[in-house]
Amino acid sequence: ETLAAHDTLIRQGKVRAIGASNITAPRLREALGVSAAKTLPRYESLQPHYNLYERAEFERELQPLCVRESIGVIPYYSLASGFLTGKYRSPDDFGKSPRGGAAKRMLNERGLRILGALDAVSARLKANPTQVSLAWLMARPAVTAPIASATSLAQLEDLIAATRLALDAQAVKQLDEASA
């Protein structure tokens with residue numbers, strides 16, 4: 001029913017392509033099957049929660065499916081509510097912004113390991129954790145473009161710089177191991 005409604009909107013010229021957000025791999029697989037069987041539009045993009053800290057759910061089933069089906073991935077919370085920028089390193093830092101409270105659950109052994117890897121890669125590549133976190137996402141299979149917001153010109157400049165940062169194999173391996 002939903003795909004048929006999307007088909008109508010596409011035929012009317014109101015929609016060019018459709019995407020899904022927060023959908024499970026079995027549900028996406030089912031939707032793709034229905035699209036093919038009934039000659040209806042298929043999901044061309046997926047918007048999952050995915051970043052260096054939140055990897056497992058997407059990588060387990062959705063990433064292989066998106067790669068196989070050529071579905072573009074546009075992950076949200078790309079910087080884990082600011083945690084992957086490196087600005088939350090102790091409980092004292094949570095008051096730095098309204099999103100600081102979301103970082104509490106990530107400030108643990110694994111989170112600190114990820115920040116350590118981000119710091120090391122950033123220093124070696126003369127970048128910062130924001131740029132490295134986004135460059136890591138952009139280098140992932142299936143990722144078309146990460147979603148990240150900026151509240152200042154300096155933050156916007158970091159987002160733009162991330163598009164020009166190419167991570168070498170050593171950097172990717174170091175980040176992958178720290179965040180596994």
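The analysis underlying the following values was restricted to heavy atoms, covering all of them including side chains, and did not include hydrogens, waters or symmetry mates.
No path of Ile, Leu, Val, Met, Phe, Trp and Tyr side chains, each step under 4.5 Å between heavy atoms, connects Y76 with L137, placing them in separate hydrophobic clusters. In terms of hydrophobic clustering, with Ile, Leu, Val, Met, Phe, Trp and Tyr side chains grouped at heavy-atom distances under 4.5 Å, L156 and V132 are assigned to different clusters. Under the 4.5 Å side-chain contact rule for hydrophobic residues, I74 and V15 do not share a cluster. Note: the hydrophobic cluster containing L153 also contains I160 (ILVMFWY, side chain heavy atoms under 4.5 Å, direct or indirect links). Hydrophobic clustering of Ile, Leu, Val, Met, Phe, Trp and Tyr side chains at less than 4.5 Å, counting indirect connections, unites L40 with L46.
Not counting sequence neighbours, the partners of N108 by the side chain to side chain contact (heavy atoms under 4.5 Å, CB included) test are Y53, R110. Y77 is linked by a ring pair (Phe, Tyr, Trp, His ring centres under 6.0 Å) to H49, counting only residues two or more places apart in sequence or in another chain. Remark: E1 engages no residue in a salt bridge (Lys or Arg N to Asp or Glu O under 4.0 Å) (not counting sequence neighbours).
Taking 4.5 Å as the limit, every side-chain heavy atom of L115 sits out of range of all side-chain heavy atoms of P129. Counting only heavy atoms from C-beta outward, the side chains of E54 and N51 approach each other to under 4.5 Å. Residues L175 and V172 have side chains not in contact (no heavy-atom distance under 4.5 Å, counting atoms from C-beta outward).
With rounding to the nearest 0.5 Å, the separation of CD1 in I147 from CG in L134 is 11.5 Å. Remark: Q131 CD to T163 OG1 distance equals 9.5 Å, nearest 0.5 Å. Distance check, rounded to the nearest 0.5 Å: CG of L84 to OG of S179 gives 9.0 Å. Atom CD of residue E30 and atom OG1 of residue T24 lie 8.5 Å apart, to the nearest 0.5 angstrom. Rounding to the nearest 0.5 Å gives a distance of 11.0 Å between CZ of R29 and CD1 of I23.
Without hydrogens or angle criteria, S45 side chain to V73 main chain gives no donor-acceptor distance under 3.5 Å. Side-chain atoms of T85 do not come within 3.5 Å of backbone N or O of T130 as any donor-acceptor pair. Of the possible donor and acceptor atoms, none in the side chain of K87 sits under 3.5 Å from a partner among the backbone N and O of K96. In this structure, the side chain of R140 does not engage the main chain of E59 through any donor-acceptor pair within 3.5 Å.
Sorted by first then second residue, the salt bridge (Lys or Arg N to Asp or Glu O under 4.0 Å) pairs that include residues 141-169, not counting sequence neighbours, are R124-D168. Under the ring pair (Phe, Tyr, Trp, His ring centres under 6.0 Å) criterion, the residue pairs touching residues 129-166 are Y50-W136, with sequence neighbours excluded.
Within a 6.0 Å radius of NZ in K104, other residues, nucleotides and ligands contribute 12 heavy atoms or fewer. Residue-environment remark: CD (Q12) exceeds the threshold of 12 foreign heavy atoms within 6.0 Å.
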List, one per line, each side-chain donor-acceptor pair under 3.5 Å for residues 61-72, sequence neighbours excluded.
{"unit_1": "E69", "atom_1": "OE1", "unit_2": "R42", "atom_2": "NH1", "d": "3.4"}

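Annotation for P48 and F58: closest pair CG-CD1, 3.7 Å, computed over non-hydrogen atoms. The two atoms that bring A171 and L125 nearest to each other are CB-CD1, 4.4 Å, heavy atoms only. When every heavy atom of S21 is checked against every heavy atom of Q47, the shortest pair comes out as OG-O, 3.0 Å. Considering all non-hydrogen atoms of both residues, A162 and A135 come closest at O-CB, 4.1 Å. Summarising the geometry of Q174 relative to V121, their closest heavy-atom pair is OE1-CG2, 3.5 Å, with the distance given to 0.1 Å. Nearest heavy atom pair, residue A17 against residue E44, reads CB-CG, 4.2 Å.
Using the six-membered ring where Trp is involved, Y43 and H6 have ring planes that are perpendicular, over 60° apart on the 30 and 60° scheme.
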Before giving the answer on side-chain contact (heavy atoms from CB on, under 4.5 Å), spell out for R55 and D176 the whole-Å C-alpha distance, their side-chain angles and the decisive distance to 0.1 Å.
CA-CA 10 Å; R55 294 179 56 187; D176 284 348; 3.8 Å; yes
Open item on the list: Please evaluate residues L3 and I18 with respect to the criterion side-chain contact (heavy atoms from CB on, under 4.5 Å), reporting the C-alpha separation (whole Å), side-chain torsions for both, the decisive distance (0.1 Å), and the verdict.
Closed with: CA-CA 9 Å; L3 294 171; I18 60 173; 3.8 Å; yes
- request: Check the pair L107 / L112 against side-chain contact (heavy atoms from CB on, under 4.5 Å), numbers first and verdict last.
  value: CA-CA 6 Å; L107 194 60; L112 292 173; 3.7 Å; yes
